[in-house]
There are 2 protein chains.
Amino acid sequence: MGDVARAAGVSAATVSRALRGEPGVSASTRAHVTEVARRMRYAIARDASSLAGGRRYAVAVLTTDVGQRTWGDVLAGAEGALRASGYDVLLYVVGDEAARAGFFEELPLSRRVDGVLVLSVRLREHEAALLRELPVPVVTVGEGAADDSPDLPGSLDLAVRHLVGLGHRDIALVLADSTAAWSSSAEDLDETYQELLGSAGLASRPEWLVWCSPTVVGGEEAVAALFDGQDRPTALIASSGEAALGAFMRLRRDGWAVPEQLSIVSLDGHDIARAVGLTAVEGAAREQGERAVHRLLARIQTQDAAAPELPTPAGAALVERGSTAPPPAV
Amino acid sequence: MGDVARAAGVSAATVSRALRGEPGVSASTRAHVTEVARRMRYAIARDASSLAGGRRYAVAVLTTDVGQRTWGDVLAGAEGALRASGYDVLLYVVGDEAARAGFFEELPLSRRVDGVLVLSVRLREHEAALLRELPVPVVTVGEGAADDSPDLPGSLDLAVRHLVGLGHRDIALVLADSTAAWSSSAEDLDETYQELLGSAGLASRPEWLVWCSPTVVGGEEAVAALFDGQDRPTALIASSGEAALGAFMRLRRDGWAVPEQLSIVSLDGHDIARAVGLTAVEGAAREQGERAVHRLLARIQTQDAAAPELPTPAGAALVERGSTAPPPAV
DNA sequence: TTGAAAGCGCTAACAT
DNA sequence: ATGTTAGCGCTTTCAA
């Protein structure tokens, strides 16, 4: 930085101010400094900047699952938004218990990031508590998040409306969780589900809310459980594309006609749903990531003021394919 | 750190040494200091440490695709290995052209990381050149990487052997690329494919090497092209699970019998392959990520010495399911 | 609008 | 084996 300052004929302080867009530098000086810096291929050293300035320009993204389409897209959206705002993304994958335990024990974020984004992790009580104690804002996205879950309900709502519009009254929900173990907050989602059905004038049945892993196998197992009983739903909503595919395939294998006997909606609109022909709610994942980042950044900039409530997902829509139809006549 | 030093009755330098496992501290002192630090919930400030020490304890991971199973697993493996070695993971997603161009223009890594891991990105000439100019080691994993591609050939080999063992002689290869545009280095893989077939005593046909996107749709399109012509292979190897699924479904839809008329092997052994019943090579992805990290760390620690050659993938194996059989009698 | 000086919290020589 | 002394490369008062 000294070199740039000398080359530009100003002081280091001015270079710093100019390059960061701080006020108090004349337009001409700023232009000149910027140009010199560019020519010399100079970039501010983050470490030193953070050390001196106290801001780290980095956020931690905590996730259980890279490699799953929806969360991958959320992550991609978040990464893009963060990058665009000049923040680095520190990725923490806590997929297995060992890594997870290690993470929460060390909680290595304290002095490394300005904020934390939690994706697809169903936090347990004590984990949520640990995170809350951090001196930086934490924003959570996803199923069963204690903090909020602004988007799953939105998509769910779209799906329920669609099915109800077709005449369904017996709607099951397969919720894919990104982690095998979860806290008691699962009850919260139970409520969400019931409320949604209730507001549509339908009765909900606890046994029709099934949790599974966000995998093809998870979907298979879920419907196996669901269709084992006497009372069978006429429609099924799955929160993960993989689970939806599993459900779809399992049902077909077992001789069920889709959509004649059973309708399926995936809340995850991706390749798989498209290829297999599943009706799906599409387009929310990236936006979800982006919006979460905006919430987080807002809190970072206002020094952790309460997160402003933002509207529910833009751009999500239900795409009708072959897997939904009116319920069979009784 | 000063506080800890005072509380422990030693100097800051000793605390620093003790906490980092540096030699030159008596065992008892180290234990004491460690304990005091734990009690005080003290953790070294990375910024200051980096600034003073010159090491950043962070590596950049560059990828086009989070959300695809295989690369997601490679990423997870890499993240775990990095974390275990005390390195932070800076994630850069360059999925779309805009982000990609931006990244290579800024090349924001210069003074932020100790090394770069490139996953699933088919680098173009000038991009590879830019990366090579960085003052830190760069390790590349994946298809068509200029640097190396130690694992795809291994899996491919397993698949080819299996098919040859079944009597196949006409084997097509569907290679999924994680980016739509790629450099001329695609020719390299052409060669790998030909060599593999050649070493098995088979003739290769250039038109049976098909590139596609790593998606279900990509797989569908690839086989559509492949089965359009007169000369049709009796077996197909797909490098991505999604593409394999697409190929499988498309072929079935078009009335082909799998595996009677055509065998399919996926080089990507995941949920999908398992659920659909595709023969697949399994278990290499995480290890690939881990091994890449070890190569990278070795180069970081030896100050960029040439990467030691490591053996080909451990743990990869072909799992036979329903999608392969001897070729139809002529 | 700009510059000078004083750290930010560590690590690394160099002592001891 | 441990302590002392300089910085690392910035940002930020404070003064001009």
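Residue numbers start from 1 in every chain, and the chains themselves are labelled A, B, ... in the order their sequence lines are given, proteins ahead of strands.
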Rounded to the nearest angstrom, tell me the gap between atom [atom1] in [X] and atom [atom2] in [N].
{"X": "A/Asp3", "N": "D/dC8", "atom1": "CG", "atom2": "C1'", "result": "15 Å"}
{"X": "A/Arg6", "N": "C/dT2", "atom1": "CZ", "atom2": "P", "result": "19 Å"}
{"X": "B/Met1", "N": "C/dC8", "atom1": "CE", "atom2": "P", "result": "15 Å"}
{"X": "A/Leu51", "N": "D/dG9", "atom1": "CG", "atom2": "C1'", "result": "9 Å"}
{"X": "B/Arg55", "N": "C/dA12", "atom1": "CZ", "atom2": "C1'", "result": "10 Å"}
{"X": "B/Asp47", "N": "C/dG9", "atom1": "CG", "atom2": "P", "result": "10 Å"}
{"X": "B/Arg56", "N": "D/dC8", "atom1": "CZ", "atom2": "P", "result": "15 Å"}
{"X": "A/Arg17", "N": "C/dA4", "atom1": "CZ", "atom2": "C1'", "result": "10 Å"}

*Looking across every strand, which nucleic acid part, if any, lies under 4.0 Å from A/Thr29 by heavy atom: base, sugar-phosphate, or nothing?*
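The answer is sugar-phosphate, as A/Thr29 gets under 4.0 Å only of primed atoms, P, OP1 or OP2.
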
Does a side-chain N or O from [X] land closer than 4.0 Å to OP1 or OP2 of [N], or not?
{"X": "A/Ser49", "N": "D/dC10", "answer": "no"}
{"X": "A/Arg46", "N": "D/dC8", "answer": "no"}
{"X": "A/Ser26", "N": "C/dT1", "answer": "no"}
{"X": "A/Tyr42", "N": "D/dC10", "answer": "yes"}
{"X": "A/Thr14", "N": "C/dT2", "answer": "no"}

Check: [Y] main-chain N/O paired with [X] side-chain donor or acceptor under 3.5 Å:
{"X": "A/Asp114", "Y": "A/Tyr57", "value": "yes"}
{"X": "A/Arg112", "Y": "A/Ala58", "value": "no"}
{"X": "B/Arg286", "Y": "B/Asp73", "value": "no"}
{"X": "B/Arg132", "Y": "B/Val138", "value": "no"}

_Side-chain donor-acceptor pair present, B/Ser16, B/Arg20, cut-off under 3.5 Å_ =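 Yes, a side-chain donor-acceptor pair sits under 3.5 Å.
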
*Taking the side chain of B/Val10 as its heavy atoms from C-beta onward, which of C/dT11, D/dT12, D/dG3 lies nearest to it?*
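For the B/Val10 side chain, the nearest candidate turns out to be D/dG3.
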
*Please tell me which of the listed nucleotides, D/dT12, C/dG7, D/dT2, lies nearest to the side chain of A/Ser16?*
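Side chain of A/Ser16 sits closest to D/dT12.
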
*With nearest nucleotides of DNA chain C determined for B/Ala45 and B/Glu22 from heavy-atom distances, which residue corresponds to the more 5′ nucleotide?*
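Whichever sits nearer the 5' end wins; that is B/Ala45.
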
*Could you check B/Ala13 against B/Gly53 and say which one's nearest nucleotide on DNA chain D is further toward the 5' end?*
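Going by which nucleotide is closer to the 5' end, it is B/Ala13.
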
_Check this for me: does the side-chain of B/Arg111 come within 3.5 Å of the base of D/dG9 through a donor and an acceptor?_
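Absent.
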
